[in-house]
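Values in this document were obtained by computation on a predicted structure and should not be read as measured data. Along the sequence shown, the residues carry numbers beginning at 1.
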Amino acid sequence: MTSENEGFLERWSRRKQQPEEEPKEAPQEEPAALPEEQAEPDEPVLTDEDMPDIETLAPDSDVSPFFSPGVSERLRQKALRKIFHSARYNVKDGLDDYDEDFTLLQPLGDADTWEWRRQRERLLEREKERERKRLEEEEEKASELDAQEAPLEAPEDTEGRDDADQLEEQPEEK
């Protein structure tokens, strides 16, 4: 059924259409009994009421009873949180860059760096630019107010004068 000149897609299509062969099942062995199951069945299962108070746990306390199947997940988490917040487990390794407190910087004194001087110059330039723009805006507003308050001058009536002049120039006819 396989030919040597069969292409990749033809081979893939043929293999896709063939029914899948199910793997032969290995005979199932019974799993070995777990050590917990081999323990004495007469041991009582610990519950939340049997656990000590969370506040009484010390860093070296045994928390293994909290992993009993009868103990609630919430109480187990509280016990682990209490233990791991102790100084024994809460150790900074010094490799973390953010361990240090950078809020308490020592003052540099009278040192004045080039960058600080440049920053001050830039701030002064910005402040001067803002003041210049503010003055320009005030001047524009003032000139607009002056233009609005100035009375409108009446245009000269040149036509009226011309007519009057023409009347005077014309001789009277009788």
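In this structure Arg88 satisfies the side chain to side chain donor-acceptor pair (under 3.5 Å) test with no other residue, sequence neighbours excluded. Considering only residues two or more places apart in sequence or on other chains, Glu115 meets the salt bridge (charged side-chain N to carboxylate O under 4.0 Å, His left out) condition with none of them. Arg134 meets the salt bridge (charged side-chain N to carboxylate O under 4.0 Å, His left out) test with Glu131, Glu138; sequence neighbours excluded. Partners of Ala58 according to the side chain to side chain contact (heavy atoms under 4.5 Å, CB included) rule, which considers only residues two or more places apart in sequence or in another chain, are Asp60, Ser61. Ser64 pairs by the side chain to side chain donor-acceptor pair (under 3.5 Å) definition with Asp62, not counting sequence neighbours. Residues satisfying the side chain to side chain donor-acceptor pair (under 3.5 Å) criterion with Glu55, sequence neighbours excluded, are absent altogether. Remark: Tyr89 engages Phe84 in a ring pair (Phe, Tyr, Trp, His ring centres under 6.0 Å) (not counting sequence neighbours). In this structure Glu73 satisfies the salt bridge (charged side-chain N to carboxylate O under 4.0 Å, His left out) test together with Arg76, sequence neighbours excluded. With sequence neighbours left out, Glu127 forms a side chain to side chain donor-acceptor pair (under 3.5 Å) with Arg130. Checked against salt bridge (charged side-chain N to carboxylate O under 4.0 Å, His left out), Glu136 has the following partners two or more places apart in sequence or in another chain: Arg132. Listed by chain and number, the residues in a side chain to side chain contact (heavy atoms under 4.5 Å, CB included) with Trp116 are Leu108, Asp112, Thr113, Arg120 (sequence neighbours excluded).
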### Query
After noting the C-alpha distance and the side-chain angles of Leu75 and Ile54, does the key distance pass the side-chain contact (heavy atoms from CB on, under 4.5 Å) rule?
CA-CA 8 Å; Leu75 184 61; Ile54 298 292; 3.7 Å; yes
#### Entry: Trace of the side-chain contact (heavy atoms from CB on, under 4.5 Å) decision for Phe66 with Leu57
CA-CA 12 Å; Phe66 286 95; Leu57 291 176; 4.1 Å; yes
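Pro65 approaches Leu46 most closely through the heavy-atom pair CB-CD1, 3.8 Å. Residues Ser143 and Glu140 share a closest heavy-atom pair of OG-O, 2.8 Å.
With rounding to the nearest 0.5 Å, the separation of CG in Leu135 from NZ in Lys133 is 13.0 Å.
The number of heavy atoms from other shown groups lying within 6.0 Å of CZ (Arg117) is above 12.
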